[in-house]
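First the structure, in the form of structure tokens, and then the observations on it.
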Amino acid sequence: MIRIRGLTKRFGDTTVLDAIDLDIEAGERVVVIGPSGTGKSTLLRCLNFLDRPEAGSIAIGDVEVDAARASKKDILALRRATSFVFQNYALFANKTAKENIMEALVIVQGQPRQQAEQRALDVLAETGLAEKADSYPAALSGGQQQRVGIGRAMAIGADLMMFDEPTSALDPEWVGEVLDLMRRVAERRQTMLIVTHEMQFAREIADRILFMEGGRIVEDGPPAQILDAPRDARLKQFLRRVA
Amino acid sequence: MRALDLDYMLGLVPVILGYVPLTLFMAVAGMICALVLASLMAVERVIKVPGLDWLVILFISFFRGTPLLVQLFLFYYGLPQVFAFLTQIDGVTAAIMGLTLHFSAYMAEAIRAAITGVDRSQWEAAQSIGMTQAQMMRRIVLPQAARIAAPTLVNYFIDMIKGTSLAFTLGVTEMMGAAQKEAAGSFLYFEAFLVVALIYWIMVELLNQGQKVLETYLNKAYAR
């Protein structure tokens with residue numbers, strides 16, 4: 001269960017997130033759509049303080065943080081309750097695929113090495129990359145790197161998995177395999193918050209779609225309502241453009 | 001012009017080689033201490049610890065801004081007049097301390113630049129999985145910075161090996177001191193110092209080969 005109240009982020013004079021309120025139920029799969037520069041990525045990044053919000057509160061699972069006076073400890077707790085998949089994969093360049101997944105388990109969660117290694121190998125098998133366990137990121141294709149990136153986020157077992165445009169940096173040939181893996185994650189009723197421009201994919205897996213514009217959530221509803229019966233004029237215009 | 005006394009030179013080689021271990025000891029000890037000190041200062045310069053930052057800036061400025069020989073004299077001959085307990089420090093220890101302080105200032109800047117050269121996404125990924133700042137530095141950022149800084153740091157190590165010859169001026173009999181003593185007896189200064197020069201040169205060349213091995217090792221994660 002995730003509860004966000006009044007989440008506000010400014011870059012200089014620009015308000016990128018304008019007092020966002022959002023509730024997400026456990027197991028809900030929420031997709032965020034909208035024109036670029038409307039705060040979709042910033043929303044995700046603020047939820048684990050990669051960007052620091054100025055105001056508002058964030059509650060994820062047992063962790064509750066008041067943005068205005070978040071301590072280092074609060075921020076770590078929030079980050080450990082979430083996992084993040086980056087647009088540019090952001091695999092640790094000095095670690096193999098297996099080590100990328102083990103890192104959070106051993107160093108952050110304090111799991112025994114052997115247990116973490118087994119978990120990493122299991123996750124790699126699920127992502128179809130068992131034979132790439134000992135490969136470094138530089139030796140993997142974009143699609144493979146992003147699958148490891150998703151595996152790294154899966155292994156953590158976080159309350160909330162966030163995906164920041166996970167296919168936007170990929171060559172078209174790799175998009176399918178990454179979306180397939182995300183579908184499999186979604187099937188387990190993992191709570192997911194996904195920023196994407198893949199409308200067909202959003203329609204398939206989302207319980208809810210949020211349309212963001214100008215740092216606000218303008219429309220919020222099930223895919224059929226948002227995509228087939230949009231009410232807001234800006235959403236209608238956006239859908240016409242991406243169609 | 002007279003001919004080189006090659007027999008004398010060949011005879012001198014084993015004598016001077018006998019002092020190579022001392023030279024390497026001073027250089028390696030100085031390098032290890034300097035690496036530790038430089039890494040700490042570099043991390044401080046990146047994350048800027050309040051109250052400590054100005055001290056590190058001052059330290060780096062002083063040790064880059066004054067000659068190594070002046071620093072060595074200041075420590076070995078000067079400071080004991082001010083602090084009595086320093087009179088017990090021998091020339092080798094003083095040389096190692098001087099080399100450490102001097103080179104750590106340069107290396108701190110090289111490592112700082114390398115740290116800022118590590119891609120921002122690497123920092124964010126480490127943060128996103130909930131690493132503390134210390135874990136992120138130790139596990140992700142510094143190992144990648146090491147690869148970027150390696151060629152520069154090897155250069156400083158070479159400089160440091162050559163810098164150990166200044167220990168001679170603190171009364172340490174190392175390669176240079178030994179050659180000086182030999183030549184004082186034989187008057188064959190050119191031969192004696194030429195042997196020293198050649199041995200330094202060979203040592204540095206061997207190190208350059210070692211650098212290639214090191215770089216291959218550090219680049220193994222980046223091979224396509």
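Order of the sequence lines sets the chain letters (A, B, ...), proteins ahead of strands, with each chain counted from 1.
Annotation for Asp171(A): atom CG counts as buried by contact number, over 12 foreign heavy atoms lying within 6.0 Å. Annotation for Gln114(A): atom CD does not count as buried by contact number, only 12 or fewer foreign heavy atoms lying within 6.0 Å. No more than 12 heavy atoms of other residues, nucleotides or ligands lie within 6.0 Å of CZ in Arg69(A), so this atom counts as exposed by the packing criterion. In Phe11(A), the CZ atom is crowded: over 12 heavy atoms of neighbouring residues, nucleotides or ligands sit closer than 6.0 Å. At most 12 non-hydrogen atoms from other residues, nucleotides or ligands lie less than 6.0 angstrom from CD of Gln81(B). Annotation: Tyr77(B), atom OH; neighbour count of heavy atoms from other residues, nucleotides and ligands within 6.0 Å is above 12. Within 6.0 Å of atom NZ in Lys48(B), more than 12 heavy atoms from other residues, nucleotides or ligands are found, so the atom counts as buried in its surroundings. Environment of CZ in Arg183(A): crowded, with over 12 heavy atoms of neighbouring residues, nucleotides or ligands closer than 6.0 Å.
Contacts of Asn94(A) with chain B are made by both backbone and side-chain atoms, with heavy-atom separations under 4.5 Å. The contact between Phe86(A) and chain B is made entirely by side chain atoms (from C-beta outward), counting heavy-atom distances below 4.5 Å. Neither the backbone nor the side chain of Leu78(A) comes within less than 4.5 Å of any heavy atom in chain B. With a 4.5 angstrom heavy-atom cutoff, Ile156(A) touches chain B only via side-chain atoms.
Counting heavy-atom pairs closer than 4.5 Å to chain B, the top-ranked of the candidates Asn100(A), Ile75(A), Leu91(A) is Leu91(A). Interface remark: of the candidates Lys95(A), Arg45(A), Glu103(A), Gln109(A), Glu103(A) forms the most heavy-atom pairs closer than 4.5 Å to chain B. Options Ser83(A), Ala90(A), Ala153(A), Ala93(A) differ in how many heavy-atom pairs under 4.5 Å they form with chain B, and the most are formed by Ala93(A).
Applying a 4.5 Å heavy-atom cutoff, none of the residues of residues 54-76 of chain B approach chain A. Residues of residues 121-153 of chain B lying within less than 4.5 angstrom of chain A, judged on heavy atoms, are Ser121(B), Gln122(B), Glu124(B), Ala125(B), Ala126(B), Gln127(B), Ser128(B), Ile129(B), Gly130(B), Met131(B), Thr132(B), Gln135(B), Arg139(B), Ile140(B), Pro143(B), Gln144(B) in numerical order.
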